[in-house]
Enquirer: 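The structure follows.
Note that these values count all heavy atoms, side chains included, but never hydrogens, waters or copies made by symmetry. In this text, all values refer to a predicted model and were calculated from it rather than measured experimentally.
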Amino acid sequence: MRNSNHLIGLVNFLTFLLSIVILGGGIWLSSRANNTDCLKFLQWPLIVIGASIMVVSLAGFAGACYRNTFLMWLYLFVMFFIIAALIGFIIFAYAVTDKGSGRAVINKGYLEYYLQDYSGWLKDRVVDEEYWAKISSCIRDSKVCGKMGRTFNGVPETYDMFSMRKLSPIESGCCKPPTDCGFIYVNETLWNVGGGLVGTDLDCSKWSNDQEMLCYQCDSCKAGVLGSLKKSWRKVSVINIVVLILLVIFYVIGCAAFRNNKRIDNDEPYGEARMTKAQPSRIQL
């Protein structure tokens with residue numbers, strides 16, 4: 001039984017380490033929610049799952065150390081539902097970020113983002129007026145557009161240099177007007193209407209050189225937020241899939257070790273040799 005307990009203890013320790021990875025992914029999403037993506041509810045399921053795995057793995061570890069069958073049984077029982085929840089979360093993350101991506105622009109290093117390329121629950125959430133007011137305020141407060149300025153030897157970058165930059169989805173969608181508008185470049189966040197003409201894109205009329213407005217009410221900005229969320233979630237989902245595979249492997253090993261413990265408890269308690277069936281004594285008359 002001792003070897004099985006050591007195995008269960010090792011499995012729970014490794015599971016504890018995996019919970020740190022999941023929590024790290026949730027915390028990373030949380031930091032982006034506060035500074036970049038500005039959607040502040042999507043990271044919480046991941047944080048809750050990671051914290052739950054951490055607590056349950058500690059309980060299982062204690063059960064293995066103190067040979068507490070109840071704690072080991074509780075670990076296996078609860079971990080089954082946590083694994084199911086993690087599978088559901090991964091499927092949900094891929095489902096809500098399945099549609100949409102940036103479009104390449106000729107002779108540009110950045111991509112353009114269009115709201116019509118996206119669909120589904122996450123898009124409906126982002127475009128909701130009440131919720132978008134919070135998101136746009138978060139983007140404005142993060143100063144992401146104000147940090148775009150670059151100089152070379154004290155000289156601001158030119159339009160050709162700016163055009164070759166690989167902008168983030170939010171920088172491309174919220175901090176500059178759509179390329180189709182044909183505005184004249186002054187600096188990264190200051191553009192003048194060229195020849196009094198405005199492109200057919202409705203976002204062209206929404207652009208403002210007011211640094212507190214820019215394109216925060218543009219559909220391209222909403223699409224940029226969706227594009228940024230997709231990139232963030234896909235990175236975390238890849239890690240979650242690897243963690244899920246390892247969790248399932250550890251869970252199967254834990255189940256096998258737990259069953260082995262029960263078999264030993266039933267057949268060879270506390271290391272004693274297996275008892276042989278006694279022959280019935282003869283009845284003497």
Enquirer: Is it possible for you to check whether R125 lies under 6.0 Å from the centre of the six-membered ring of Y131, through NZ or CZ, and within 45° of that ring's axis?
Expert: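 Because its charged atom sits under 6.0 Å from the ring centre and within 45° of the axis, R125 does stack over Y131.
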Enquirer: Can you sort out the partners of E157 under salt bridge (charged side-chain N to carboxylate O under 4.0 Å, His left out), two or more places apart, ordered by chain and number?
Expert: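 Residues passing salt bridge (charged side-chain N to carboxylate O under 4.0 Å, His left out) with E157: R165.
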Enquirer: Just wondering, more than 12 heavy atoms not from F250 lying within 6.0 Å of its CZ?
Expert: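 Count over threshold, so yes.
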Enquirer: Do any N or O atoms from the side chain of Q211 and from the backbone of G146 form a donor-acceptor pair under 3.5 angstrom?
Expert: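 Side chain of Q211 to backbone of G146, a donor-acceptor pair under 3.5 Å: no, none is there.
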Enquirer: Would you confirm whether N153, through its side chain, and V155, through its main-chain N or O, come within 3.5 Å as a donor-acceptor pair?
Expert: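 Checking the backbone N and O of V155 against the side chain of N153, no donor-acceptor pair under 3.5 Å is found.
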Enquirer: Is S137 reaching over with its side chain to a backbone N or O of K134, donor-acceptor style, under 3.5 angstrom?
Expert: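 No; zero donor-acceptor contacts below 3.5 Å.
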Enquirer: Just by modelled atom types, is the Y118 backbone N or O under 3.5 Å from a matching donor or acceptor in the K123 side chain?
Expert: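 Confirmed, K123 side chain pairs with Y118 backbone.
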Enquirer: Once side chain to side chain contact (heavy atoms under 4.5 Å, CB included) is applied, do any residues pair with K176, and if so which ones, sequence neighbours excluded?
Expert: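 Scan of K176 (side chain to side chain contact (heavy atoms under 4.5 Å, CB included), adjacent residues dropped) gives Y110, E112, F162, L167, S172, T179, W191.
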Enquirer: Would you confirm whether T151, through its side chain, and P156, through its main-chain N or O, come within 3.5 Å as a donor-acceptor pair?
Expert: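 No, because the side chain of T151 does not come within donor-acceptor range (under 3.5 Å) of the backbone of P156.
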Enquirer: The criterion is side chain to side chain contact (heavy atoms under 4.5 Å, CB included); which residues satisfy it with V236, sequence neighbours excluded?
Expert: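 If we apply the side chain to side chain contact (heavy atoms under 4.5 Å, CB included) test to V236, skipping adjacent residues, the hits are W28, L29, L46, N240.
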Enquirer: Find the distance between OG1 (T15) and CG (L17) and round it off to the nearest 0.5 Å.
Expert: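 Nearest 0.5 Å value for the OG1-CG distance: 8.5 Å.
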Enquirer: How about C221 and C215: are their SG atoms under 2.5 Å apart?
Expert: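 No - the two cysteines, C221 and C215, have SG atoms at least 2.5 Å from each other.
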Enquirer: Identify each donor-acceptor pair in which a side-chain atom of residues 79-99 lies under 3.5 Å from a protein atom, sequence neighbours left out, and give them as a table.
Expert:
| unit_1 | atom_1 | unit_2 | atom_2 | d |
| --- | --- | --- | --- | --- |
| T97 | OG1 | A93 | O | 2.6 |
| T97 | OG1 | R234 | NE | 3.3 |

Enquirer: So, D219 side chain and L115 main chain: donor-acceptor pair closer than 3.5 Å or not?
Expert: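 It does not hold such a pair.
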Enquirer: List for me each residue that meets side chain to side chain donor-acceptor pair (under 3.5 Å) alongside D124, sequence neighbours excluded, and say none if there are none.
Expert: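 Here no residue qualifies.
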Enquirer: Taking E212's backbone N and O only, do any of them form a donor-acceptor pair with R140's side chain (distance below 3.5 Å, no angle check)?
Expert: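 Pair found, side chain donor or acceptor close to backbone of E212.
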Enquirer: So, using salt bridge (charged side-chain N to carboxylate O under 4.0 Å, His left out) as the criterion, who are the partners of D141 when residues are at least two apart?
Expert: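 In terms of salt bridge (charged side-chain N to carboxylate O under 4.0 Å, His left out), with neighbours along the sequence ignored, D141 is linked to no residue.
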